[in-house]
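Data block below; observations after.
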Amino acid sequence: MYLLWPLLFLHVSAQHLTLYDDRLKQPKQEGRVRLVGDLPSSGRVEVYHDGQWGTVCDDGWELAEAQVVCRQLGFPGAISVKPGGQYGEGSGPIWLDDMNCKGSESSLSECSFKGWGVTDCSHKEDAGVDCETGKNITSNRQFSVDNSLGLSHDLGLLFDSGDGCDFRINVQDTSEEEELTFCVHKMILMFYPELNITNDSRNIAVNVSQTCHPHVSAFLRYLYTRQIDVSITSAQCLHQLAFIFGVKKLMEDVGRTFTLLLPEDNTFLTQVSMYEYGVRTGDLVLQENVLQYLSWNCEYLISSPVWSTISFHMMDALLQRSDLIVNDEAFLLEALETWIQDKGEEISSDQQASLLNHIRFLLIPVDKLYETQFSSSVLRQNHEKLYLTGLLRGFQFNALPFSKIRNQMDNMSSEYLSRIYTGDEWSVIINDTTVNYPYYHYGQNNRIQTFSTPAYPSALYREQKVQWKAQVFLSAQECSNYGMSCTSFPVARFYGYGNQERYTSTIRYSNRLILSCKYENNVFHVQDFKNSMAVVPNNSSMDLPNPCPDDYSFRFVVRPEYI
């Protein structure tokens, strides 16, 4: 399934909420853009500068420029450009001409252009765009948020009646063409200090996309009752309103519903947009949920076109994580080099060095570490000393016994900590999870796999093997056949035997079970083993919903760590 997140059709800004009295007008934001047309997602591009709206000439108007406009407005991206006044001729100044965007800018005014109002164009050349809005969400699933402290019913009735209201909230569309007015009680609003309501305040103006207007009343009622029903269709708007009004608890509660959207988009456009939105709104819960999902699906993210578009701060956050699922550390280094090459001058030398420091050279397989020393990558050229230092330490790690490097571990912490490496040397997959085999047909059961791994990634342990057995049980009878009692299914069992006991004083195994859709390359659940067992939770209790409940695979990953 494919879903793109429209991000409420607006760019998040603290300027969306303005206190004013009857003599003041609401300020507009310099550099804002809007689309003039029949639909909110397409139209003639206009930009606000020096107190008035103006158009953009189509000279140099290409997809990169369109991408910037659409993302500035909160859309995931652009579908096409519309040159030559296809959305009608504007009026007033032509503010921008000869645009030259990289495509990664956060606003159109950050791109290169002739200068404000410097142009040789006419309005017959006004530029337009078609933005990507994505698929409508039709799920009716709802959950209730209840942070009430008492009197919720009575306060709800007070909001509904409007009796004695003494404060007006004017809700305006960002295009300034639609407006709603609500009369509320100042005393209620004063419980929310972020609004800065004073005894002298009489009005508040809020800029909200017209798409969200139907949800404003329910949100305002929440300010009275601390209770609200949230659906997938209303979650985006309620989160935006909670951000504008500074209701952080509701932001966190609604942000959790966004996790339901994470497995829906295999292009990763939705997830990247959600993360950037979480950064702009300061929603740490949303940021963590997205980063966890992208970490689990890191290898697929790297192979997608979105990889080259992610921001520095997202890359920095990803590379610091130990729950990244990738083939090996060399694969991650190569992906970082590709990203830096694609970004070009957009990423500074200091930023490159910062990211390179997150690569765990010590855990790069020694044969690939050897090949890496002959690399002619941008990172190697720009940061040769740092790069060679990483290689040297990697070779030392592979050549020296643990007793020699133990004293240095506290200073290097995560450099020794394995990510979740899924190379064939360290993992095995069980795909057959739909057939119940008769208990006596052991030879036919494809839900049992045995394999061996080195005791540790270091070259010193390459020839010292540990044997592993991976099993998936679908019934109580299957568990009973192996002397176990199971009450919930499926159950995974993963244990080492043979030489494993020889290494318990220096090595522990924090193994992982990965669940992923067989045909959609979508990791939706990761868990560890407790006493060699992992009971797979049902769909309702998983952190993320299972998008393929009848057709998913089990990957067993060996994850050794020095103690």
Determine which pairs satisfy salt bridge (Lys or Arg N to Asp or Glu O under 4.0 Å) with at least one residue from residues 207-229, sequence neighbours left out, and list them in order.
-> Asp160-Arg221
Check the side chains of [Y] and [X] for a donor-acceptor pair under 3.5 angstrom, ignoring hydrogens and angles.
| X | Y | result |
| --- | --- | --- |
| Asn147 | Tyr222 | yes |
| Gln320 | Asp316 | yes |
| Asp97 | Thr119 | yes |

For Tyr300, enumerate each residue passing the ring-ring contact (aromatic ring centres under 6.0 Å, His included) test, keeping only those at least two apart in sequence or located in another chain.
-> none
What residues, two or more places apart in sequence or in another chain, satisfy ring-ring contact (aromatic ring centres under 6.0 Å, His included) together with His313?
-> Tyr275
Contact summary for Leu63 and Ala78, nearest pair of heavy atoms = CD1-CB, 4.1 Å
Check Pro547 against Asn522 and note the closest heavy-atom contact, atom names and distance.
-> CG-ND2, 4.2 Å
Under a 3.5 Å distance rule, please check whether [X] uses its side chain to pair with a backbone N or O of [Y] as donor and acceptor.
| X | Y | answer |
| --- | --- | --- |
| Trp61 | Gly84 | no |
| Gln271 | Val290 | no |
| Gln72 | Ser109 | no |
| Gln172 | Glu179 | no |
| Asp126 | Glu89 | no |
| Lys82 | Asp130 | no |
| Glu125 | Ser122 | yes |
| Glu65 | Glu62 | yes |
| His358 | Leu318 | no |

For the atom pair [atom1] ([X]) and [atom2] ([Y]), what is the distance rounded to the nearest 0.5 Å?
| X | Y | atom1 | atom2 | result |
| --- | --- | --- | --- | --- |
| Leu189 | Ile169 | CG | CD1 | 5.0 Å |
| Trp339 | Ile302 | CH2 | CD1 | 12.5 Å |
| Trp307 | Leu294 | CH2 | CG | 9.5 Å |
| Leu155 | Leu151 | CG | CG | 5.5 Å |

Chi angles and distances behind the side chain to side chain contact (heavy atoms under 4.5 Å, CB included) call for Ile325, Ile514 | CA-CA 9 Å; Ile325 297 178; Ile514 301 173; 3.6 Å; yes
Applying side-chain hydrogen bond (donor to acceptor under 3.5 Å, both in side chains), name anything that partners [X], two or more places apart in sequence or on another chain.
| X | answer |
| --- | --- |
| Glu46 | Arg34, Arg44 |
| Gln527 | His525 |
| Asn289 | none |

Is any NZ, NE, NH1 or NH2 atom of the basic residue among Lys114 and Asp98 found under 4.0 Å from an Asp or Glu carboxylate oxygen of the other?
-> yes
Are the charged groups of Glu110 and Lys102 less than 4.0 angstrom apart, N to O?
-> no
Under 6.0 Å between ring centres, would you say that holds for Phe554 and Tyr552?
-> yes
Take Thr281 and His239 through the test side chain to side chain contact (heavy atoms under 4.5 Å, CB included) and record every step on the way to the result.
-> CA-CA 9 Å; Thr281 58; His239 191 280; 3.9 Å; yes
Mind checking whether His49 and Trp116 have parallel, tilted or perpendicular rings, split at 30° and 60°?
-> parallel
Partner of Phe159 under ring-ring contact (aromatic ring centres under 6.0 Å, His included), picked from Phe182, Tyr224, Phe219, is Tyr224
Would you say Cys101 and Leu108 make side-chain contact, with heavy atoms under 4.5 Å?
-> yes
